[in-house]
Amino acid sequence: MSFVGSLLEIIGFGIGIPIGLLLGFLIFIHFERGDVKDPLTRPLLEYDSSSLLDLLPEVPLWVKNPDYERIDWLNRVILHMWPYLDKAICGLIRSTVEPIFSEYIGKFQVQSIDFESLTLGTLPPMVHGIKVYESNEKHLLFEAAVRWSGNPNVTLVLKLLSLRIKLQLIDLQVSGAPRITLRPFVPTFPCFGSLLVSLMEKPHVDFGLKVMGGDLMAIPGLYQFIQETIRKQVARLYLWPQTIEIPILDSCEGAQKKPVGILHVKVVQARNLLNKDFLGTSDPYVKLSLSGERLPSKKTSIKMNNLNPEWHEVFKLTVKDPQSQVLEVHVNDWEKVGPHDKLGMQVVALRLLVPHEMKEFTLNLVKNTNLNDPHNKKPRGQIVMELTFVPFREDTETFSGPLDRHDERNESLGKASEDTSLLRGGLLLVTVVGAEDVEGKHHNNPYALILFRGEKKKTKSIKKTRDPSWNDEFQFLLEEAPLKDRIHIEVVSKRSGIGFRPKESLGHVDVNLIDVVYNGRINDSYNLINSRNGSILLDIRWRAI
């Protein structure tokens, strides 16, 4: 009898659970409210203290925090554009998720997955406040308070075997405080290279999910579990300081890159060069430059009357993208009068180099890089060069392979090498961002003059302004760190026409570079000496090899 009793219990348990779930589902659908009335609105004076405490989380940030600004104009713009934004966003959602759905078709007995309806509804998101942060950096940073109580209708139909399962997303409510950064600023529309987004607090997400007509979120415990899971996953991915970067401009369209290393080029010799001179022989020299750079080319000395010259001269060039940049080598014949004749050229892709390892190249000179040009079949001689790419210390982790072994070898020397690394050479980057309240007695056409270790460089001149903005960058390749050096920067005004006092000093500043070496960067505004209220904004970086 005990066996029969146990068997009846199992059968009853197996039949009772499906029947109970079905009856509960039908009762829930029957008693679900079909009419939802708009909430009543009352003045704040009519609320008691306890009711006001419940309303505090709903108060806009521009009310609680005066530094948040109202942008009702933006909400009106979004409201008028929302029907078109709805179609555009839904189209983007379809094109994104359809390839994902196709991967599951045929697996787990899934026959098809498709949207029956996809719309974000008629209620657009609202921006309840925005705060812009002032900074010396070349980017725009702002925080916004965004809320969306929408009425979307997203219905997904899943065909599993012969069963058609319908899932519907309704009554979506989202609120969050994203921090948005537009950087870097570039001279190409829309004038910033990428968009970075992070959340300053855990977002609030609430929604209804109907399965076969019943709200799945009504199941006790499941609603809280899904809410907390969504908040944790979103916070893990996007909560500050985590960010998501959305590229706006491709690197070739103006996104400015910073130097990542130094290319050491040794021009050894050339062989069997062309003779371009009618009387005598060619007087060759070599020009070196990297693709994508606007800096002046490096030039060797001139070897007079020599078709097999030897130079053994070393040059250093700053590298910004070793995967795409190439070294351009041009051999020219020097002429005392008129343009110099071209003897040949060649290019070397930097991706062929292994960091910290010297590689010798023997290059056959050609007329140009067009492989189909018949003139390239004519022999023009050869040039022998030695190339070594040395990345900066803080950029070594972006390179794999031999760089890892190089770092391990350095670590074996002990912690004492950390102090000696400050004495190494590197690249000093000086960006003169702009100046404020500079005023001359006779004219205001300011430019900045940079003096460092005997080198003199200057920015472009801007006419008729007291607040010039230059954003000019200058590079100084140094054999050792500038621990005891100062850089002198002077703002000068130059008369645009002919007259007395063609130049006038508007103030100067001397910056000690020891802090730049130890900190890696200084981005600050300096008060100009011999100027009433003038100041200059400088961004100075040190990249050690």
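In this text the structure is predicted, and so the values were computed from the model without any measurement.
When side chains are defined from C-beta on, Asp72 does not count as touching Leu74, because their heavy atoms never get closer than 4.5 Å. Side-chain contact between Trp82 and Thr122 is absent, with no heavy-atom pair separated by less than 4.5 Å. Looking only at side-chain heavy atoms (C-beta outward), Val511 and Ile540 come within less than 4.5 Å of each other. Using a 4.5 Å heavy-atom threshold, the side chains of Leu429 and Glu473 count as touching. With a 4.5 Å cut-off on side-chain heavy atoms, Glu245 and Thr243 do not count as touching. Taking 4.5 Å as the limit, some side-chain heavy atom of Leu118 sits within range of a side-chain heavy atom of Arg94. Side-chain contact check for Val516 versus Arg521: every heavy-atom pair is 4.5 Å or farther apart. Side-chain contact between Lys320 and Thr318 is absent, with no heavy atoms from C-beta onward closer than 4.5 Å.
Side-chain N or O atoms of Asp437 include none that pairs as donor or acceptor with a backbone N or O of Asp467 at under 3.5 Å. With hydrogens and angles disregarded, no donor-acceptor distance shorter than 3.5 Å links the side chain of Arg541 to the backbone of Val430. The main-chain N or O of Trp470 is found under 3.5 Å from a side-chain atom of Lys460 such that the two form a donor-acceptor pair. Remark: the backbone N or O of Gly426 is not paired with any side-chain donor or acceptor of Trp542 at under 3.5 angstrom.
Val127 and Ala144 make their closest contact through CG1-CB, 4.3 Å (heavy atoms, listed as atom of the first residue, atom of the second, distance). Pairing each heavy atom of Leu352 with each of Phe361, the nearest pair is CD1-CE2, 4.5 Å. The shortest non-hydrogen separation linking Asp86 to Leu120 is OD1-N, 3.0 Å. In terms of heavy-atom proximity, Ala349 sits nearest to Val326 at CA-CG1, 3.7 Å. Contact between Ile462 and Pro468 at its shortest, heavy atoms only, is CD1-CB, 4.0 Å. The two atoms that bring Gln325 and Ser291 nearest to each other are NE2-O, 2.9 Å, heavy atoms only.
Salt bridge status for Lys131 with Glu143: absent, with no side-chain N to carboxylate O gap under 4.0 Å.
Annotation: Arg183, atom CZ; neighbour count of heavy atoms from other residues, nucleotides and ligands within 6.0 Å does not exceed 12. Residue Glu328 places its CD atom among more than 12 non-hydrogen atoms of other residues, nucleotides or ligands, all under 6.0 Å distant. The 12-atom threshold is exceeded at CE of Met200, counting heavy atoms of other residues, nucleotides or ligands nearer than 6.0 Å.
To the nearest 0.5 Å, atoms OG1 (Thr181) and NE2 (His139) are separated by 6.0 Å. Going from atom OG of Ser324 over to atom CG of Leu350 covers 8.5 Å, rounded to the nearest 0.5 Å.
Both tests do not hold together for Arg351 against Phe389: distance to the six-membered ring centre under 6.0 Å, angle to the ring axis within 45°.
Tested against Val319 for a side chain to side chain contact (heavy atoms under 4.5 Å, CB included), the candidates Leu327, Leu353, Val390, Leu290 yield a single pass: Leu290.
Taking the side-chain contact (heavy atoms from CB on, under 4.5 Å) definition, one finds that Asn153 meets it with Ser117, Thr119, Thr155, Gln168, sequence neighbours left out. For the side-chain contact (heavy atoms from CB on, under 4.5 Å) test, residues two or more places apart in sequence or in another chain that qualify with Ser149 are Gln173.
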